[in-house]
Amino acid sequence: MDREDRNYQVKDTDHLLDYKTIFGNDNPVELEIGCGKGLFAREIAKKNPGINFLAVEKSSNVVVEAAEKAIEENIPNLIFLRGGAEYLDCYIPASSVDRIYLNFSCPYPKKSYASHRLTHRNFLEIYKKIMKKDAEIHQKTDNMHFFEFSIEEFSASDFYVKNVSLDLHSSEFKGNIMTEYEKRFSDQGFPIYRLEAIMKE
Ligand SMILES: C[S@@+](CC[C@H](N)C(=O)[O-])C[C@H]1O[C@@H](n2cnc3c(N)ncnc32)[C@H](O)[C@@H]1O
């Protein structure tokens, strides 16, 4: 369901997160959208204690499991949010996010579902509102068609893409953090596609 379907009108600032209150500091904020069970979010947060991470997931059951694991591991710079990416700009302050991670987002192969893909231009417009000027989107997927679609959408939405890899695990990229789906797909022998997208000035 998208914003139009629900005639979504709540846009007041009462809903905006106060990072200082939830994290207790002013460190940079990075976002993972569609975090699933949170393996990537936990690992990247542990490796980067000077960065605050918000992990967003629309499925309640999944995000509860992710949060329970993070509580067990006591990771102070990681917060989970249950919600759809459609509503990000209602609770994430404008121009406040340093980086967005889109890891193995659902590819929605049917053309009629293209607007649900998290790199559809409608979503990119929402991300632009919450991203800082020089912020980046880092995307990984196993799905070539979704990857191609994403590159087209980034280009149409005034992003340029760099560091494109068509086989991440055979590339020279250092410091990759695996996600649950990435493990599953690479164990099955699928290449992993990756890119970084940056807003044009
Ligand atoms: C294929 S899973 C990948 C999970 C994880 N990122 C990984 O790589 O293992 C995609 C996740 O995105 C979530 N998702 C799909 N559409 C979403 C949306 N509009 N907003 C937030 N989460 C979404 C799904 O519920 C699902 O958990």
Side-chain angles (χ1 to χ4, degrees), residues 1-6 8 10 15 17 29-47 53-70 73 75 78-92 97 99-131 136-147 149-150 153 157 165 168-169 173 175-188 190-197:
M1 189 176 292
D2 62 25
R3 294 165 83 129
E4 285 72 36
D5 294 336
R6 296 179 60 157
Y8 193 80
V10 180
H15 301 270
L17 297 176
V29 173
E30 300 188 0
L31 198 65
E32 186 189 5
I33 306 173
C35 67
K37 293 182 183 168
L39 175 63
F40 175 88
R42 293 196 305 279
E43 293 308 310
I44 198 167
K46 285 188 283 188
K47 284 194 168 127
F53 291 90
L54 287 169
V56 179
E57 170 55 54
K58 75 172 180 184
S59 164
S60 308
N61 295 345
V62 173
V63 78
V64 166
E65 199 176 318
E68 282 175 350
K69 286 181 183 153
E73 295 182 35
I75 310 170
L78 173 60
I79 301 278
F80 288 88
L81 294 174
R82 195 209 70 80
E86 295 81 348
Y87 306 100
L88 279 175
D89 55 330
C90 300
Y91 48 93
I92 305 284
V97 170
R99 187 173 292 175
I100 293 177
Y101 297 95
L102 297 174
N103 292 322
F104 300 86
S105 311
C106 306
Y108 295 107
K110 279 190 178 168
K111 215 172 176 181
S112 55
Y113 276 76
S115 65
H116 294 255
R117 297 175 193 152
L118 289 182
T119 50
H120 186 276
R121 62 194 67 188
N122 292 351
F123 282 112
L124 298 183
E125 289 308 313
I126 295 172
Y127 306 157
K128 277 181 181 175
K129 291 184 196 166
I130 61 170
M131 289 168 72
E136 302 184 354
I137 299 177
H138 292 191
Q139 182 190 18
K140 291 194 282 186
T141 180
D142 64 301
N143 187 303
M144 188 187 69
H145 297 295
F146 176 46
F147 195 62
F149 167 88
S150 301
E153 293 297 285
S157 303
S165 175
L168 176 64
H169 295 174
F173 182 80
N176 184 44
I177 296 176
M178 295 277 266
T179 81
E180 276 101 354
Y181 272 72
E182 184 169 358
K183 282 188 173 169
R184 188 187 300 177
F185 291 129
S186 58
D187 284 351
Q188 292 171 26
F190 293 113
I192 303 302
Y193 302 86
R194 181 183 181 278
L195 63 72
E196 298 170 5

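Atoms within each ligand, like the ligands themselves, are counted from 1 in listed order. The structure presented is a predicted model; accordingly, all values stated were derived computationally and were not measured.
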Task: Proximal ligand 1 atoms for Gly84, defined as those under 4.0 Å from one of its heavy atoms - done: 20 (N)
Open item on the list: With heavy-atom distances below 4.0 Å as the criterion, list the atoms of ligand 1 near Phe104.
Closed with: 1 (C), 2 (S), 3 (C), 8 (O), 10 (C)
Open item on the list: Students should be able to answer this: which protein heavy-atom is nearest to atom 20 (N) of ligand 1, and at what distance?
Closed with: Ala85 N, 2.9 Å
- [ ] Could you tell me which atoms of ligand 1, counted from 1 in the order shown, lie closer than 4.0 angstrom to a heavy atom of Thr179?
- [x] 7 (C), 8 (O), 9 (O)
Task: Shortest protein heavy-atom distance from atom 9 (O) of ligand 1, along with the residue and atom involved - done: Tyr181 N, 2.9 Å
Open item on the list: Taking only non-hydrogen atoms of Glu32, do any sit less than 4.0 angstrom from ligand 1?
Closed with: yes
- [ ] Take every heavy atom of Leu118, measure it against each atom of ligand 1, and state whether any distance is under 4.0 Å.
- [x] yes
Task: Per-atom contacts of ligand 1 with Gly83, taking only distances under 4.0 Å to non-hydrogen atoms - done: 20 (N), 21 (C)
TODO: Considering only non-hydrogen protein atoms, determine which one is nearest to atom 4 (C) of ligand 1 and report residue, atom name and distance to 0.1 Å.
DONE: Gly34 O, 3.6 Å
TODO: Applying side chain to side chain contact (heavy atoms under 4.5 Å, CB included) between Ile92 and each of Val97, Ile126, Val29, Val56, report the one that passes.
DONE: Val97
Task: Under 4.0 Å to a heavy atom of Cys106 - the qualifying atoms of ligand 1, by number - done: 10 (C), 15 (C)
Open item on the list: Suppose I only count heavy atoms of Asn103 and a 4.0 Å limit; which atoms of ligand 1 are within that range?
Closed with: 3 (C), 5 (C), 6 (N), 8 (O)
TODO: May I ask you to list the atoms of ligand 1 that are less than 4.0 angstrom from any heavy atom of Glu86?
DONE: 19 (N)
Open item on the list: Give me the nearest non-hydrogen protein atom to atom 23 (C) of ligand 1 as residue plus atom name, then the distance to 0.1 Å.
Closed with: Lys58 CG, 3.7 Å
Open item on the list: Yes or no: does Glu182 have any heavy atom under 4.0 Å from an atom of ligand 1?
Closed with: no
Task: Contact summary for Val62 and Lys37, nearest pair of heavy atoms - done: CG1-N, 3.8 Å
Task: Under 3.5 Å donor-acceptor, Lys128 side chain and Ser157 backbone - done: yes
Open item on the list: Does either side chain, that of Asp142 or that of Gln188, offer a donor lying less than 3.5 Å from an acceptor on the other one?
Closed with: no
TODO: If you have a sec, work out which protein heavy atom is nearest atom 26 (C) of ligand 1 and how many Å separate them, to one decimal?
DONE: Glu57 OE1, 3.6 Å
